[in-house]
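To keep things clear, I will list the structure first and then write my remarks on it.
In what follows, chains are A, B, ... by sequence order, proteins preceding strands, each numbered from 1.
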Amino acid sequence: MRNTKVRDVILLGCFAVAAVAAPLLAAPFGAGYPDLLVKFAIFGIFAVGFNILFGLTGYLSFGHAVFLGVGSYAAVWSFKLVSVNILPAVIGAILVSGLFALAIGYVSLRRSGIYFSILTLAFAQMCYNLAYSVLTPITNGETGLRVLRDDPRYLDSAVGVLGQSPSLFGLPMTGWTGYYVCAAVLVVAFAFSVAIFRSPFGMTLRAIKTNQNRMGYTGFNSRPYLLTAFVISGMYAGLAGSLMAATDPLAGAERMQWTASGEVVLMTILGGAGTLLGPVLGSGVIKYFENIFSAYNEAQLGTTLSFLPESIHDGVVKTLSLFVGEGWQLTLGLLFMVVVIFLPGGIMEGVMRVFRVKHTPPVKSLGDSAQRDIVGESVIEEMPADYGAHPAPEKALAEAKIGTTAQ
Amino acid sequence: MNNIVLHIDHVHKTFAGLHALADVNLDIRQGETHAIIGPNGAGKSTLLNVCVGRLEPTQGKVLFDGVELTGRHPHEICQLGVARVFQTPEIFGDLTVIENVMMSMLARRDGAFSLHLFSRFDAQHEIVSTAEKVLTDLGLGYHFNHLASALSRGDKRRLELAMCLTQKPKLLLLDEPTAGMARADTNATVDLLKKIKQSGMTIVIIEHDMHVVFSLADRITVLANGRVIAQGAPEEIKGNPKVIEAYLGDEEL
Ligand SMILES: Nc1ncnc2c1ncn2[C@@H]1O[C@H](COP(=O)(O)OP(=O)(O)O)[C@@H](O)[C@H]1O
Ligand SMILES: [Mg+2]
């Protein structure tokens with residue numbers, strides 16, 4: 001518990017430096033170009049927010065892409081109706097996605113575990129379908145919502161600003177300035193997540209993850225804590241969505257598809273759920289694979305491997321080509337399996353092992369063993385709290401009978 | 001009547017046809033230590049579960065300080081001043097020992113929900129120092145930064161007790177606090193409970209160890225098959241033929 005504040009400041013400092021130096025750091029990997037780095041930053045924000053819910057509380061949302069999509073639509077509408085400045089777009093997107101998260105979270109959080117996940121997934125699919133059907137006036141359906149030359153932009157026309165591509169007070173959201181704006185937002189978003197992790201609120205979320213029963217008997221009402229965490233992480237997603245729209249002013253419903261929701265789960269687990277840096281690393285790795293491996297084709301592979309002897313060259317290239325280009329997800333899947341099997345704590349666990357940092361004290365329980373307790377007793381206590389709370393079988397049976405006779 | 005802290009009024013609890021509690025009436029007086037004894041499966045834990053909101057009684061009601069507890073959430077009951085140590089320790093296994101105690105102090109200070117997003121948990125100095133003191137008093141001093149899940153069973157119980165004490169409850173419910181403890185540990189726990197008792201706390205204790213019961217209890221209630229079969233001062237209970245029968249019956253099983 002000592003000196004964590006100093007450690008956090010150092011961590012944040014390093015994070016900011018890395019964000020600034022990212023173009024140089026990523027260059028050796030062939031990733032030092034703004035388009036990809038912008039994706040790192042945006043999905044980093046998305047995953048950092050997702051981690052506040054999943055990493056701290058253990059509640060696995062399978063519908064977080066909804067908030068990404070909602071944020072994108074809100075931002076594009078702001079570009080159309082208010083201003084090309086991204087400031088109102090970002091703020092609006094955060095608020096609107098926060099409202100969506102409030103509604104979806106309020107309902108979904110009535111359940112936990114797999115039922116919670118299914119509920120969020122159901123909501124996400126619902127929103128996805130609505131975006132293509134009833135809501136086409138807002139979402140513009142399959143074509144996607146885009147900024148047009150003759151959009152009103154009331155605020156801009158009032159103050160006499162021209163132009164239709166998003167900017168931050170004139171700084172264009174394309175190229176390197178676009179990256180640095182996104183990186184600055186990422187650093188702020190990361191700092192906020194560090195604050196949450198260290199706050200009493202964050203500790204309460206962790207406590208919910210370990211033992212929700214005890215929460216009640218300790219005097220905490222878990223539900224509003226969970227809902228707040230859900231809304232905050234939804235707002236992060238909305239923020240990420242608005243930056244997506246700002247760097248590429250076209251919002252489509254495919255951003256809300258379940259694959260997009262699954263992606264952020266993978267990012268968080270791959271990097272290390274519940275760790276501060278993990279989600280950022282995880283999203284970086286996945287976006288890197290998506291962009292670099294998918295761009296690799298068989299011909300390039302052939303040239304790279306031309307040092308191999310003629311006899312095996314073609315075979316090796318054929319085999320490896322399954323894992324690049326269209327097949328990049330195969331590589332990602334393998335990587336994911338390796339990480340989850342050997343490093344259940346994700347990439348961050350690997351990093352910790354390398355630096356030999358042990359985050360859990362290796363104390364093993366000595367002394368009295370469970371066997372000395374009356375076995376039946378402890379089994380009873382461990383039954384779910386609502387076990388037996390449903391109507392007694394006779395009654396249920398009687399009700400069922402009434403139901404059949406009524407038909 | 002106004003010195004009754006907990007009033008259990010004609011409580012029934014049925015589990016799929018099994019009468020775990022049948023018409024239980026019980027009054028706990030201010031400042032007393034009240035032991036509940038009875039064979040396994042008598043319904044002792046169920047009775048406490050009904051009191052803390054873990055289970056809804058099928059019939060009847062429970063009043064605490066004149067406030068009806070039936071239908072309330074566990075956190076509301078806890079905030080009213082009822083603390084409970086479970087038969088199987090319920091602690092935050094993935095948090096450190098001191099964090100466990102701090103959580104319970106946080107709930108006491110800030111209520112059931114509060115949004116402290118920008119202060120640091122480990123910078124709540126008054127809470128940290130009180131938690132350290134309570135833990136040291138309970139003999140968990142050198143465990144501060146160990147994970148709670150790594151503690152021995154006896155220590156887990158002690159930790160849970162520490163969490164309950166820092167809630168400054170008006171009523172402390174203990175479900176077999178010495179089960180699974182070695183003799184020396186049991187004696188230490190009895191000494192500790194005596195101290196708590198002397199501080200004026202109202203305590204309800206479920207216990208199998210008669211040595212513990214007779215060294216702590218002011219009054220005893222005996223449960224068997226979900227019914228109160230005897231109630232009174234320890235001396236009365238000792239000689240009660242019904243109690244002896246209930247226990248002997250259990251022995252034969
Ligand atoms: N949650 C539950 N669901 C079903 N049956 C239960 C539950 N809790 C207790 N029982 C049953 O109620 C009876 C009383 O149990 P309990 O109160 O735990 O006894 P004890 O006096 O040993 O603490 C037992 O027969 C037990 O099987
Ligand atoms: Mg019991």
Side-chain angles (χ1 to χ4, degrees), chain A residues 1-2 4-5 8 192 195-204 206-211 213-225 228 232 360-374 376-382 385-394 396, chain B residues 14-17 40-41 45 52-56 73-75 78-79 83-84 86-88 90-96 98-99 102-104 106-108 110-124 128 145-147 150-155 163 167 176 179-182 185:
Chain A
M1 303 249 295
R2 288 160 300 272
T4 50
K5 188 163 187 179
D8 287 347
F192 186 56
I196 289 181
F197 266 62
R198 303 295 186 228
S199 68
F201 174 76
M203 189 54 83
T204 314
R206 267 180 235 227
I208 290 176
K209 183 176 180 179
T210 30
N211 190 343
N213 258 331
R214 194 11 111 187
M215 285 304 280
Y217 305 112
T218 305
F220 284 109
N221 186 3
S222 302
R223 193 71 67 74
Y225 281 99
T228 312
I232 291 176
T360 47
V363 198
K364 263 281 157 265
S365 157
L366 297 170
D368 23 21
S369 67
Q371 289 145 356
R372 264 194 257 165
D373 272 23
I374 306 130
E377 294 271 341
S378 34
V379 172
I380 289 168
E381 281 284 334
E382 273 148 22
D386 58 351
Y387 184 90
H390 47 76
E394 308 96 273
Chain B
T14 316
F15 293 115
N40 280 326
S45 299
V52 295
R54 186 173 207 162
L55 295 173
E56 284 271 305
H73 290 290
H75 65 88
C78 175
Q79 291 284 351
R84 160 127 193 230
F86 285 86
Q87 195 168 341
T88 315
E90 292 265 13
I91 49 175
F92 301 120
D94 294 346
L95 304 189
T96 64
I98 193 158
E99 283 166 351
M102 287 172 69
M103 284 308 292
S104 122
L106 215 58
R108 160 91 190 156
D110 301 337
F113 176 68
S114 68
L115 259 189
H116 282 290
L117 283 175
F118 294 107
S119 54
R120 290 181 71 87
F121 183 71
D122 55 8
Q124 322 277 313
V128 175
N145 294 316
H146 290 173
L147 280 189
L151 292 181
S152 73
R153 266 194 145 216
D155 283 346
M163 293 169 75
Q167 284 167 23
E176 305 197 13
M181 277 191 189
D185 272 352

Practice prompt. Verify, without hydrogens or angle tests, whether A/Arg214 (side chain) and B/Ile91 (backbone) share a donor-acceptor contact under 3.5 angstrom.
Written response: no
Worksheet, complete the sentence: Distance col, row A/Thr204:OG1 vs B/Leu106:CG, nearest 0.5 angstrom, shows 5.5 Å
Practice prompt. Tell me, for B/Gln167 versus chain A, whether the close heavy atoms (under 4.5 Å) come from the side chain, the backbone, both or neither.
Written response: side chain
Worksheet entry | Minimum-distance pair of heavy atoms, taken over all atoms of B/Pro74 and A/Tyr217 | CB-CE2, 3.6 Å
Fill in: Part of A/Phe192 lying under 4.5 Å from any heavy atom of chain B
side chain
Worksheet item: Looking at CD1 of A/Ile208 and CE of B/Met103, how far apart are the two atoms once the value is rounded to the nearest 0.5 Å?
Response: 8.0 Å
Worksheet item: Are side-chain heavy atoms of B/Leu95 and A/Met203 found at a separation under 4.5 Å?
Response: yes
Worksheet item: Checking heavy atoms, do the side chain of A/Ser222, its backbone, both or neither come under 4.5 Å from chain B?
Response: neither
Discussion item. Rounded at 0.5 Å granularity, tell me how far CD in B/Gln79 sits from OG1 in A/Thr218.
Written reply: 10.0 Å
Worksheet entry | Among the listed options A/Gly219, A/Ala207, A/Gly202, the residue most often paired with chain B at heavy-atom distances under 4.5 Å | A/Gly219
Item to complete: Pick whichever of B/Ala123, B/Ser114, B/Gly93, B/Ala83 has the most heavy-atom pairs under 4.5 Å with chain A.
Response: B/Ser114
Worksheet item: What is the ring orientation for B/Phe113 with A/Tyr225, classed by angle as parallel under 30°, tilted 30 to 60°, or perpendicular over 60°?
Response: perpendicular
Worksheet entry | Minimum heavy-atom distance A/Pro200-B/Ser119, with the two atoms named | CD-O, 3.2 Å
Discussion item. If I take atom NE2 from residue B/His73 and atom CZ from residue A/Arg223, how far apart are they, to the nearest 0.5 angstrom?
Written reply: 7.5 Å
Fill in: Distance, nearest 0.5 Å, that separates CZ of A/Arg206 from CG of B/Asp94
10.0 Å
Fill in: Considering all heavy atoms, the nearest B/Leu117-A/Ser199 contact
O-CB, 3.3 Å
Worksheet entry | Separation of A/Met215 CE from B/Phe92 CZ (nearest 0.5 Å) | 5.0 Å
